[in-house]
Number of protein chains: 2
Amino acid sequence: MGRGKIAIERIDNTTNRQVTFSKRRGGLMKKARELAILCDADLALIVFSSTGRLYDFASSRSVS
Amino acid sequence: MGRGKIAIERIDNTTNRQVTFSKRRGGLMKKARELAILCDADLALIVFSSTGRLYDFASSRSVS
DNA sequence: GACTCTATTTATAATTC
DNA sequence: TGAATTATAAATAGAGT
């Protein structure tokens, strides 16, 4: 989905893995938010980076 | 991202909303799985449809 | 390491079957 | 409904900053 095609397997290069994590995490959060709004769905998404940092999204109807 | 552009707001038509829910839920789950594999991240995704049905995904490292 | 850019791949809205 | 198709919008891989 970009200049080249990639296989879905662990990215060995650390820098590349971190860049991809940052980009795809943003995309995933955006799509989660869109699904919640478009379809009136209730959802929660929790992501931990490999360094242990936490990122999350929860639709407003979710228990927080 | 399809034949036409849509605004990110609740889809009023019930049939269309259910179809969109099914498609986007699948896409979101796929992207969650890819992020977990590509970036060695730990994540969990929980989705409730407006009818109360539950769908979830958790990477293998997640506590279940 | 967090930005931008853009050629491509991918997801999906509308449609057809 | 429900599954496939297809034209198009959106995400993103790789490169450059």
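Since this is a predicted model, take the numbers as computed values, not measurements. Just the heavy atoms: all of them, side chains too, but no hydrogens, waters or symmetry mates, feed the values below. All chains are named by letter (A, B, ...) in the order of the sequence lines, taking the proteins before the strands, and each is independently numbered beginning at 1.
No side-chain heavy atom of A:Leu54 sits less than 4.5 Å from a side-chain heavy atom of A:Val47. A:Arg24 is listed as a side-chain neighbour of B:Leu38, based on a closest heavy-atom distance under 4.5 Å. In this structure, A:Ile11 and A:Phe21 have side chains that are not in contact, with every pair of non-hydrogen atoms separated by 4.5 Å or more.
Closest to the side chain of B:Gln18, from the set D:dA11, D:dG14, D:dT1, is D:dT1. Comparing C:dA13, D:dA9, D:dA11 by their closest approach to the side chain of A:Lys30 singles out D:dA11.
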Tabulated below should be each protein N or O lying under 3.5 Å from an N or O of nucleotides 3-7 of chain D; please produce it.
from	atom 1	to	atom 2	distance (Å)
D:dT6	O4'	B:Arg3	NH2	3.1
D:dT6	O2	B:Arg3	NE	3.0
D:dT6	O2	B:Arg3	NH2	2.9
D:dA7	O4'	B:Arg3	NE	2.6
D:dA7	O4'	B:Arg3	NH2	3.2

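Taking for each of B:Asn16 and A:Val19 the nucleotide of DNA chain C with the nearest heavy atom, the 5'-most of the two is the partner of A:Val19. Two residues, A:Gly4 and B:Leu28, neighbour DNA chain C, and the one matched to the more 5' nucleotide by heavy-atom proximity is A:Gly4. Of the two residues near DNA chain D, B:Lys5 and B:Leu38, the one whose nearest nucleotide lies more 5' is B:Lys5.
Within the model, atoms CG of A:Asn13 and CD of A:Gln18 stand 9.5 Å from one another, a figure rounded to the nearest 0.5 Å.
Cluster annotation: B:Met29 is connected to A:Leu35 through the hydrophobic network of ILVMFWY side chains, with a link wherever side-chain heavy atoms come within less than 4.5 Å. Residues B:Ile37 and B:Leu43 do not share a hydrophobic cluster, defined by chaining ILVMFWY side chains whose heavy atoms lie under 4.5 Å apart.
At distances below 3.5 Å, at least one donor-acceptor pair connects side-chain atoms of B:Arg17 with backbone N or O atoms of B:Asp12.
With rounding to whole Å, B:Arg33 atom CZ is found 15 Å from C:dT10 atom P. At whole-Å resolution of the value, CD1 in B:Ile8 and C1' in C:dA13 are 12 Å apart. Between the P atom of D:dA10 and the NZ atom of B:Lys31 lies a distance of 14 Å, rounded to the nearest Å. Between the CZ atom of A:Phe21 and the P atom of D:dG14 there is a distance of 18 Å, rounded to whole Å. When rounded to the nearest whole Å, the span between CZ of A:Arg17 and C1' of D:dG14 equals 17 Å.
Using a 4.0 Å heavy-atom criterion, one finds that A:Thr20 contacts the sugar-phosphate atoms exclusively. Across all strands shown, A:Ser22 has no heavy atoms under 4.0 Å from either base or sugar-phosphate atoms.
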